[in-house]
There are 2 protein chains.
Amino acid sequence: MSMTLQAFRRLVYLSKQELGRVVLNQHSERTRLNKEPLAVRNLIKIVDATLALSNAKNFQAMSLRDLSLETGLGMSELHAYIRDKDDLISLIQSYGYLMSARILLDQIKDIHTPLEQLRIAVRTHVFLSETLLDWFYFSYMETRNMAAEEKRQARQAELGIEELFCNIIRAGQRQGVFRELDPQLSVSLLEAMLQDWYLKRWKYRQRQLDVETYVSFVQAMLERHLLSEQESENHENNRLAQ
Amino acid sequence: MSMTLQAFRRLVYLSKQELGRVVLNQHSERTRLNKEPLAVRNLIKIVDATLALSNAKNFQAMSLRDLSLETGLGMSELHAYIRDKDDLISLIQSYGYLMSARILLDQIKDIHTPLEQLRIAVRTHVFLSETLLDWFYFSYMETRNMAAEEKRQARQAELGIEELFCNIIRAGQRQGVFRELDPQLSVSLLEAMLQDWYLKRWKYRQRQLDVETYVSFVQAMLERHLLSEQESENHENNRLAQ
DNA sequence: GTCTATAGCATGATAGAC
DNA sequence: GTCTATCATGCTATAGAC
């Protein structure tokens with residue numbers, strides 16, 4: 001069972017402050033930051049407000065005036081934290097990358113059987129997107145509008161997660177636990193399912209579908225797909241796959 | 001095997017003109033349309049150009065000036081076909097709904113076993129999105145920015161497709177061919193996989209992944225998930241699903 | 001250091017010339 | 001019936017007042 005969703009939220013909450021500091025330093029080449037605690041607080045306020053306002057419509061539709069109003073910061077103050085509107089994107093992306101990479105890696109590092117690693121990774125991914133919903137949604141929907149370098153980085157991050165899952169599957173295949181199916185394609189389809197959880201919230205919310213139910217269902221489907229059974233069955237399954 | 005992708009493209013191409021006429025009539029309450037053939041040609045030009053320009057960035061980022069330039073129509077002429085920019089969305093949506101609903105229903109209407117229907121429906125869906133790529137991508141990414149009524153309709157269309165797949169699965173379950181798993185959730189995950197084909201083109205193109213390969217893989221995964229096997233195996237599979 | 005005012009520009013929509 | 005000129009608006013970004 002590992003962590004509950006609640007424990008997860010706490011973990012993310014604690015990382016927030018700390019990460020605010022890291023991100024601020026990364027971006028502070030251009031920033032005249034004075035009193036650290038205030039600066040970190042403002043930075044988090046800016047990130048949160050941007051995510052909320054952007055996701056309500058879209059990033060381009062959010063004006064800096066709206067953002068100034070929502071955060072309580074003046075227009076000139078905003079420009080002390082961000083160079084221009086595009087810089088806001090890179091700020092937000094850094095913030096989410098750090099947060100989710102750290103947590104995902106931390107959760108699977110002590111697990112050693114591929115099947116169990118796979119289960120935990122699936123669960124952690126869904127929990128992450130549940131907790132950082134705004135960020136995941138923003139990152140998915142706005143990637144297409146980003147500048148070249150930012151877009152490259154976002155896609156690289158997606159491929160990085162695929163790589164992580166792929167390695168687990170390959171390990172399982174070497175041990176004879178998983179079938180010899182294309183790992184890369186399997187993982188792409190898995191990721192499509194994982195992403196659906198935060199992309200189609202209107203649908204799942206409407207159906208009052210529980211996070212745990214979703215996780216279990218995806219895990220089960222994935223395992224029916226991957227787990228090799230007795231040799232005799234292997235034939236049967238090969239027939240079905242043509 | 002049913003249809004090849006090429007036959008599919010021809011089918012869609014032929015429907016284009018005809019549908020142009022239908023859509024033009026639907027929207028012509030407000031249009032002073034004169035010479036039909038020219039009007040239909042212009043309408044199709046407008047739809048195609050809008051999809052191309054929008055998908056390059058996003059709908060909001062496309063200016064009507066860009067569209068005027070791309071189509072060769074003057075600004076005033078554009079406003080003869082569309083009331084305002086939002087009306088463009090509803091025009092495009094009608095066009096795609098008609099096209100894909102007609103073809104999807106037509107392809108499965110003569111098949112009678114659930115398993116075969118499911119296979120054809122999956123195949124047709126991927127082929128449709130491959131042929132009408134621009135429309136599917138636009139429709140998915142811009143739904144969130146649409147006006148209330150338009151958004152409702154787009155979501156209803158997604159639920160409609162789920163309903164279609166759901167009915168096939170329920171029929172299979174009644175016949176004892178498919179397992180007794182939640183059909184709605186199964187279908188949601190299936191649809192996530194189907195959508196990934198047009199949402200992540202950059203990834204699949206980069207890997208030079210073939211349409212047929214993708215279809216087969218999704219079909220196989222879905223069937224491992226749904227097909228009930230001998231009673232003895234049922235136990236095994238229930239264990240895996242917890 | 002904070003906030004208001006405004007410069008400079010691009011857009012959607014239209015009116016009116018050819 | 002086409003096309004060009006123009007209007008009002010809303011935006012980013014900054015300069016300059018307090």
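Residue numbers begin at 1 in each chain, while the letters A, B, ... track the order of the sequences.
- Using modelled atom types and a 3.5 Å distance limit, the side chains of B:Glu162 and B:Ser188 yield a donor-acceptor pair.
- The CG atom of B:Leu78 sits 13 Å away from the C1' atom of D:dT2 (whole-angstrom rounding).
- For A:Leu73 and C:dT4, the CG to C1' distance is 15 Å, given to the nearest whole Å.
- Of the possible polar contacts, one joining the B:Glu142 side chain to the B:Phe59 backbone as a donor-acceptor pair under 3.5 Å is found.
- A donor atom on one side chain and an acceptor atom on the other are not found under 3.5 Å apart for B:Tyr81 and B:Asp87.
- Rounded to a whole Å, the CD atom of B:Glu77 is 8 Å from the C1' atom of D:dG1.
- Rounded to an integer number of Å, the gap from CG of B:Leu69 to C1' of C:dT11 is 15 Å.
- Only one option out of B:Tyr137, B:Tyr214, B:Phe138, B:Phe136 pairs with B:Tyr198 in a ring-ring contact (aromatic ring centres under 6.0 Å, His included); it is B:Phe136.
- Looking at residues two or more places apart in sequence or on another chain, you find a side-chain contact (heavy atoms from CB on, under 4.5 Å) between A:Leu53 and A:Met62, A:Asp66, A:Leu67, A:Glu70.
- Here the side chain of A:Ser139 pairs no donor or acceptor atom with the backbone of A:Trp135 at under 3.5 angstrom.
- Between A:Arg152 and A:Glu149 there is a salt bridge, since a side-chain N of the basic residue sits under 4.0 Å from a carboxylate O of the acidic one.
- Between B:Glu130 and B:Arg201 there is a salt bridge, since at least one side-chain N of the basic residue sits less than 4.0 Å from a carboxylate O of the acidic one.
- The CG-P distance, from A:Asp84 to C:dC9, rounds to 17 Å in whole Å.
- A:Asn58 places its CG atom 13 Å from the P atom of D:dC11, with the value rounded to the nearest Å.
- Taking atom CG on B:Asp86 and atom P on C:dG12, their separation rounds to 11 Å, with Å as the unit.
- Rounded to whole angstrom, the span from the CZ atom of A:Phe59 across to the P atom of D:dC11 amounts to 14 Å.
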Would you tabulate the pairs of protein nitrogen or oxygen atoms and nucleotide nitrogen or oxygen atoms of nucleotides 14-18 of chain C closer than 3.5 angstrom?
unit_1, atom_1, unit_2, atom_2, d
C:dA15, N6, B:Ser76, OG, 2.7

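- Proximity of residues 60-67 of chain A to DNA chain D (heavy atom under 4.0 angstrom from any strand atom) is restricted to A:Met62, A:Ser63, A:Leu64, A:Arg65.
- One side chain, A:Gln195 or B:Lys200, offers a donor N or O that lies under 3.5 Å from an acceptor on the other.
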